[in-house]
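Lettering follows sequence order; numbering is per chain, from 1. Only this structure's heavy atoms are used, side chains among them; waters, hydrogens and symmetry mates stay out.
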Amino acid sequence: MAETQTLYAAFAGKIDAVLTALSDEGVLPAGTARDGVSVEPPRDPAHGDLATNAALVLAKPAGLNPRALAERIAAGLAADPAVVSAEIAGPGFINLRLADSAWLNELAAIAAAGPDYGRSARGAGTTVNIEYVSANPTGPMHMGHCRGAVVGDALAALLEFGGHKVIREYYVNDAGAQVQTLARSAHMRYREALGEDIGEIPPGLYPGDYLVPVGEALAAEFGGRYAAAPEAEWLDLFRTRTVAAMLETIRGDLALLGIHHDLFSSEAELQAAGKPEQAEAWLRAHDLVYDGVLEAPKGKPAEDWEPVELPLFRSTRFGDDQDRPIRKSDGNWTYFGADLAYHMQKAQGADELIDIWGADHAGTVKRIKAAVAALSAGEGKPIPFDVKLVQMVQLLRAGEPVKMSKRSGNFITIADMVEEVGKDVVRFTMLTRKPEAQMDFDFAKVVEASKDNPVFYVQYAHARIRSTLRKTAADGLAPSADGLDRLGADELAVVKFAAQFPREVEAAAKAREPHRIAFYLYDLAAAFHAFWNAGNDDPEKRIILTHDRALTSARLFLALQIGQVIRNGLAILGVEAVEEL
RNA sequence: GCGCCCGUAGCUCAGCUGGAUAGAGCACCAGACUACGAAUCUGGGGGCCGGAGGUUCGAAUCCUUCCGGGCGCACCA
């Protein structure tokens with residue numbers, strides 16, 4: 001776990017040192033906050049290599065003219081040997097131009113860190129629990145689960161790379177009415193396996209034939225014992241068996257996407273352990289749960305609405321629109337009541353919680369946030385908690401929406417998708433849009449091998465690099481850092497882009513947005529392709545120069561490191577970097 | 001009616017949590033292959049960042065309000 005001192009981090013430190021010096025001289029008031037000070041590449045490369053807004057941000061608290069302050073800071077920075085020039089621009093930006101050696105050193109840093117290049121200690125080892133997928137264990141994973149699964153998994157990897165410990169968790173809803181329906185459906189298949197003619201699966205039960213093997217297994221295990229027995233004798237048993245079988249299926253489906261959770265938490269076990277009761281008792285003791293009557297729902301005509309007294313959580317105190325029941329009128333826990341206790345349980349094993357939910361659950365975000373906020377007090381510590389909503393994916397086939405009918409059990413499964421287009425395409429494509437925006441997934445487009453398909457574009461850049469290295473290795477040419485000072489402007493442009501990887505990772509981790517890595521990789525691939533193609537116009541710019549082995553080795557070294565950065569980025573996304581297409 | 005998300009080039013989308021003249025791809029126009037992999041690259045046109053106010057040195061970004069689209073709004077999970 002090498003922590004690389006990256007170029008951007010190094011300059012942030014240098015700027016900070018200059019500010020400290022100015023503070024010592026009395027130019028800056030002591031204790032002036034430096035939070036807003038940033039170091040970033042300017043949008044326009046003509047402005048230089050790095051820019052800082054330090055003077056703009058600090059001018060006001062220091063009571064100074066921004067440009068005057070900028071001159072003091074720029075003078076301090078210009079003294080650094082790695083800085084070729086420090087110019088003041090616009091309202092008070094300081095633009096730095098760096099010596100080529102500074103960038104070439106970064107290339108060496110990539111080589112030294114290898115797969116750890118870009119890894120950050122920013123997370124400071126704090127534990128983040130990410131709950132994602134958590135699909136009901138009533139059938140195979142289908143398309144609707146896919147995006148959240150990929151986004152959650154990539155976010156987990158991103159946060160790990162960003163210096164957090166991560167718990168990947170799956171909440172198994174094995175306690176409600178739906179899993180009882182599942183058990184009854186399995187019982188039908190069980191009777192069928194025993195030779196009974198069951199005809200059509202009755203409406204309300206799960207018709208999918210994925211339960212056929214479950215029925216067969218039950219028949220093999222129990223024979224005819226429960227065929228005509230009253231439900232009370234087999235319901236729990238069949239539920240347990242069937243849920244276990246469904247979870248096996250789901251684990252297999254997730255594995256196809258390269259997803260492996262650390263923890264599967266059972267709602268039934270949570271309830272059996274009395275966790276919701278404990279939560280309720282604590283909340284009642286703090287006047288956060290009371291017995292009350294909900295208002296009739298608005299917006300829809302409430303035909304069958306009846307006022308009933310229920311135990312209500314005071315979520316309105318935390319910004320929700322309505323207090324929310326934690327138990328149903330039959331005394332059982334509502335989904336929310338159990339989920340509340342579940343979040344308390346998760347908080348005990350982590351410093352921070354993240355839930356990845358489908359957008360169709362947006363309406364319940366406020367209440368669960370309210371619950372975690374309330375329970376923070378009970379845990380004696382604030383529990384940072386974020387719910388990431390993942391919007392719908394519309395499946396298309398060459399522009400035409402794919403019809404899916406859940407009722408008939410005819411839906412596109414994740415296994416179908418992976419089989420048709422491959423894991424890497426599914427994962428990368430799901431990450432080429434910010435999660436909160438709706439998205440189309442067109443089976444025809446995602447397998448297209450062209451530059452408007454980012455997966456292939458990035459893979460192609462990597463494959464080109466690997467292909468070049470294979471070819472030169474066969475000729476006895478090896479990458480070498482010895483002649484790096486001979487690299488020119490075309491090479492440096494790519495290096496400068498690659499050097500931004502660590503800050504992209506940090507920014508993406510901070511924002512919890514893995515899709516940024518996908519976009520960055522696309523841009524990095526573009527920078528490499530541009531560099532490559534310069535060799536088409538001018539043969540002297542090709543990587544392989546038969547008349548100059550030293551320069552070839554230096555360029556190979558560059559290519560090797562660009563490939564490394566692409567691999568590191570793809571690793572975060574869970575996408576394999578291929579050797580050839 | 002209420003809540004959440006979205007609205008950026010003709011189309012599909014980025015925009016580094018407030019920075020400089022708003023960027024990519026597709027499409028369109030004009031170019032680059034006797035190949036280190038052209039599945040690529042170079043150049044060009046194309047914008048009231050949905051509208052209107054506000055906050056400040058500075059707004060696509062933050063606040064208010066309207067318009068348009070999506071999702072949700074029960075003791076379902």
Side-chain angles (χ1 to χ4, degrees), chain A residues 36 38 40-44 47 51 53 56-57 59-60 66 89-93 95 134-136 138 173 175-179 267 294 296-300 302 304-306 308 310 320-322 324-330 332-339 358-366 389 391-392 432-440 445 448-454 456-457 459-461 463-464 467-468 471-472 500 503-504 506-508 510-511 513 515-516 519-520 522-523 526 529-537 539 541-546 552 555-556 559 580-581:
Chain A
S38 66
E40 46 192 32
R43 274 198 192 143
D44 186 347
H47 290 145
N53 62 352
L56 285 170
V57 175
K60 197 166 200 182
F93 288 100
N95 292 327
S134 297
N136 286 336
T138 55
N173 301 126
Q178 291 190 4
V179 285
E267 181 185 2
L294 286 174
K298 291 167 187 168
K300 280 186 185 176
D304 51 354
W305 174 257
E306 284 177 32
V308 184
L310 294 167
D320 200 0
D321 316 305
Q322 198 177 36
R324 304 291 174 176
I326 60 169
R327 287 180 192 265
K328 302 184 243 182
S329 50
D330 65 4
N332 284 320
W333 299 103
T334 60
Y335 182 85
F336 172 64
D339 203 26
D360 50 343
H361 292 83
T364 62
V365 170
K366 280 186 178 178
L389 291 178
Q391 288 287 338
M392 304 283 135
T432 51
R433 196 126 313 171
K434 56 184 172 186
E436 64 270 27
Q438 287 154 249
M439 158 166 155
D440 291 344
K445 281 190 179 168
E448 206 170 280
S450 71
K451 66 182 299 189
D452 46 324
N453 184 356
F456 277 87
Y457 189 73
Q459 295 279 31
Y460 181 43
R464 265 183 161 174
S467 155
T468 307
K471 181 185 168 79
T472 50
Q500 288 179 44
R503 46 185 302 279
E504 290 290 338
E506 290 213 351
K510 190 177 172 191
E513 291 179 349
H515 73 276
R516 288 193 195 186
F519 282 96
Y520 168 77
Y522 183 86
D523 290 341
H529 286 308
F531 163 65
W532 178 284
N533 274 72
N536 284 341
D537 295 329
K541 290 184 174 175
R542 296 185 178 189
I543 294 174
I544 301 173
L545 299 170
T546 50
T552 299
R555 286 180 177 165
L556 286 174
E580 49 190 31
L581 294 178

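As judged by a 4.0 angstrom heavy-atom cut-off over every strand, A:Ala59 is placed among residues making no nucleic acid contact. Residue A:Asn136 is in sugar-phosphate contact alone, with no base atom involved, counting any heavy-atom pair closer than 4.0 Å across all strands shown. Using a 4.0 Å heavy-atom criterion, one finds that A:Thr364 contacts the bases of the nucleic acid, with or without backbone contacts as well. When heavy atoms are screened at a 4.0 angstrom cut-off, A:Leu56 is found touching base atoms of the nucleic acid. A:Glu448 comes within contact range of no nucleotide atom at all, as no heavy-atom separation falls under 4.0 Å. Heavy atoms of A:Phe519 sit under 4.0 angstrom from primed sugar atoms or phosphate atoms, though from no base atom. In this structure, A:Ala359 reaches the sugar-phosphate backbone alone: every heavy-atom distance under 4.0 Å involves primed, P, OP1 or OP2 atoms, never a base. Counting non-hydrogen atoms under 4.0 angstrom, A:Glu436 reaches the backbone sugars and phosphates but no base. Base contact: A:Arg503 has a heavy atom under 4.0 Å from a base atom. Counting any heavy atom pair closer than 4.0 Å across all strands shown, A:Tyr522 reaches sugar-phosphate atoms only and no base atom. A:Ala508 comes within contact range of no nucleotide atom at all, as no heavy-atom separation falls under 4.0 Å. If you check every strand for non-hydrogen atoms under 4.0 Å, A:Arg433 touches sugar and phosphate atoms only.
Set against B:A77, B:U17, B:C75, the side chain of A:Ala511 has B:U17 as its closest nucleotide. In this structure, of B:C75, B:C36, B:A77, it is B:C36 that holds the atom nearest to the side chain of A:Ile544. Here B:U17 is the nucleotide among B:G37, B:U17, B:C41 with the atom lying nearest to any side-chain atom of A:Arg516. Comparing B:A38, B:C75, B:G15 by their nearest atom to the side chain of A:Lys328 picks out B:C75. Comparing B:G19, B:G37, B:U40 by their nearest atom to the side chain of A:Ala463 picks out B:G37. Distance from the side chain of A:Ala507 is smallest to B:C16 among B:C16, B:A14, B:C4. Which of B:U40, B:G70, B:U17 sits closest to the side chain of A:Gln438 comes down to B:G70.
With RNA chain B read from its 5' end, the first of the two nearest nucleotides for A:Pro42 and A:Lys434 is the one closest to A:Lys434. Both A:Val308 and A:Thr472 lie close to RNA chain B; mapped to their nearest nucleotides by heavy-atom distance, the more 5′-ward contact belongs to A:Thr472.
The P atoms of B:A22 and B:G46 are separated by 13 Å, rounded to the nearest whole Å.
Residue side chain A:Phe93 meets the stacking definition with respect to B:A20: its ring centre sits within less than 5.5 angstrom of the base's six-membered ring centre, and the planes differ by less than 30 degrees. The ring of A:Trp532 lies on top of the base of B:C36, close enough and flat enough: under 5.5 Å between centres, under 30° between planes. Residue ring and base: A:His361 counts as stacked with B:A77 (centre distance below 5.5 Å, interplanar angle below 30°).
The base of B:C75 does not come close enough to the side chain of A:Thr334 for any donor and acceptor atom to sit less than 3.5 Å apart. In this model, no side-chain donor or acceptor of A:Arg464 finds a partner on the base of B:C36 within 3.5 Å. Residue side chain A:Asn53 does not reach the base of B:A20 through any donor-acceptor N/O pair under 3.5 Å, judged by distance alone.
Other residues, nucleotides and ligands contribute more than 12 heavy atoms inside 6.0 Å of the NZ atom of A:Lys328.
Rounding to the nearest 0.5 Å places NZ of A:Lys434 at 9.5 Å from CZ of A:Phe519.
For A:Ser329, no side-chain nitrogen or oxygen approaches OP1 or OP2 of B:C75 to under 4.0 Å. Of the side-chain N and O atoms in A:Lys445, none sit less than 4.0 angstrom from OP1 or OP2 of B:C11. Side-chain nitrogen and oxygen atoms of A:His515 include at least one within less than 4.0 Å of the OP1 or OP2 phosphate oxygen of B:G15.
Here B:C73 sits opposite B:G1 as a Watson-Crick or G-U wobble pair (both hydrogen-bonding atom distances under 3.5 Å).
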